[in-house]
Amino acid sequence: MTCLSFLFKRRNTSRQQAITNFGDIPGMEYMIIYSYKELSSATEDFSPGNKIGEGGFGSVYKGKLKDGRVVAIKVLSSKSKQGVREFLNEIKVVSSIAHENLVRLYGFCVEGDNRILVYDYLENNSLAHTLLGGGHSNIQFSWETRSRICIGVARGLAFLHEEVRPRIVHRDIKASNVLLDSHLTPKISDFGLAKLLPPNTTHVSTRVAGTIGYLAPEYAIHGQLTRRADTYSFGVLLLEIVTGRCNTNTRLPCEDQFLLERTWGLYERGEVLSIVDASLGDDFDAEEACRFIKIALVCTQDAPRLRPSMPAVVRMLRGESNVSMEITKPGLITDLMDLKVRRQRDAGDPDASPVVFTTLHGSPSSSSGNATAIMSSSTAAELA
Ligand SMILES: Nc1ncnc2c1ncn2[C@@H]1O[C@H](COP(=O)(O)OP(=O)(O)OP(=O)(O)O)[C@@H](O)[C@H]1O
């Protein structure tokens, strides 16, 4: 047997196992199927020194493949059923799409209990780590860089929402899911929760999954998912980039803990510019910063119909169209809390306290300080 035919046979065997396990996933033909052995040798047996991150469903390693390509290798925890579902979903959603603002998935490995995804390696980690990580990084985020990052993320989302069929709702836009390459070009990652919108559908009803602090109210409460839920999450992220602050910081005085609440208060008083990251000093474009903050408030409006589409957001960010929509009070997390407490009190519980979400899976200690929430619709309904 020649070397080539041996390789072909081994790849085919792995493909066969993947198909046997999961059925033939559309788009799988674009994927490379890796053997466990080659990924193990790429990461020096998944050595702790090569570990670059940990998510809710497993660990991420930096690896070097035999062809010299440097990759990020995400090993899903074999115990997590949810992880297996997300693994399949990720392949299904991203295997056949490509855009400069989306992380590229090269392929995967399915052997025994191992479920591994192989991505393009991005040198500058995530926005959560480098921008919001509290001094873990030496990168200086100038205003121009921030502006470019915001527009890049918006373009990536506009592509998912409008330019692919079926359309895709990401469902988990947040700072730790925006990775940065060596030029600080943003790449949206983590499609494990993404939903494909069937043709001629504008919304789907689904169990609630996403990250506390970024969840649109109608989705958190009723599980009603539209592309405008991503617009909401993007609005929260936009504020984080402009201010250099996580959306929630429980170490601050009560009135300052929630970034969106704080921004809305300042907007009402005509003082929004005071929330721009102080580390920029005066070195930022005040007019553009003011526009970005207004766009963030429009994106996070309580009613989804008041939020713009992502292509419209791209145009507004670039200054190609005005932020002409009326800005009313955004959908605030504190209102959701109050709603739940009121309902509990009405139901006869005088000690009701504002505990909002049940976290079934999460990493509360992650740098963004948020936890991923995956709720059944009944849990979500408890909020209503
Ligand atoms: N392609 C990549 N290149 C470089 N680093 C990466 C890559 N993918 C992930 N990482 C690193 O690994 C970390 C964990 O990523 P992962 O997607 O597993 O979880 P997460 O998004 O941080 O959290 P959660 O699973 O709770 O949503 C990221 O925050 C990032 O630091």
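Both ligands and their constituent atoms are indexed starting at 1 by order of listing.
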Check whether any heavy atom of Glu54 sits under 4.0 Å from an atom of ligand 1.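 Under 4.0 Å: yes for Glu54.
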When you compare ligand 1 with [X], is there at least one nitrogen or oxygen pair between them that comes in under 3.5 angstrom?
X	answer
Asn177	yes
Asp190	yes
Leu122	yes
Asn125	yes

Please answer: with hydrophobic residues joined when any side-chain heavy atoms are less than 4.5 Å apart, are Val94 and Leu88 in the same cluster? yes
Without hydrogens or angle criteria, can the side chains of Thr185 and Glu100 be said to hold a donor-acceptor pair below 3.5 Å? no
Between the side chains of Glu240 and Arg245, is the shortest nitrogen-to-carboxylate-oxygen separation below 4.0 Å, so that they form an ion pair? no
Looking at Glu123 and Lys62, is any side-chain nitrogen of the basic one under 4.0 Å from a carboxylate oxygen of the acidic one? no
Please list, in number order, the atoms of ligand 1 under 4.0 Å from a heavy atom of [X].
X	value
Gly53	12 (O), 13 (C)
Leu179	1 (N), 2 (C), 7 (C), 8 (N)
Tyr121	3 (N), 4 (C)
Lys174	24 (P), 26 (O), 27 (O)
Ala72	1 (N), 2 (C), 3 (N), 7 (C)

Could you tell me whether Asp120 approaches ligand 1 through its side chain, its backbone, both or neither, with non-hydrogen atoms closer than 4.0 Å? backbone
Best match, Glu86, Lys74, Arg104: closest heavy atom to atom 16 (P) of ligand 1: Lys74
Name of the residue among Glu90, Arg104, Lys187 meeting side chain to side chain donor-acceptor pair (under 3.5 Å) with Tyr119: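 Result for side chain to side chain donor-acceptor pair (under 3.5 Å) with Tyr119: Glu90.
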Kindly write out the residues that satisfy ring-ring contact (aromatic ring centres under 6.0 Å, His included) with His161, not counting sequence neighbours, or none if the list is empty.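 Testing His161 for ring-ring contact (aromatic ring centres under 6.0 Å, His included), a comparison that skips the adjacent residues, returns none.
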Of Phe191, Phe108, Tyr106, Tyr34, which meets side-chain contact (heavy atoms from CB on, under 4.5 Å) against Leu117?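 That would be Phe108.
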Write out all pairs satisfying ring-ring contact (aromatic ring centres under 6.0 Å, His included) with one or both partners inside residues 287-309, taking only residues at least two apart or from two chains.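 Passing the test, one end in residues 287-309: Trp143-Phe292.
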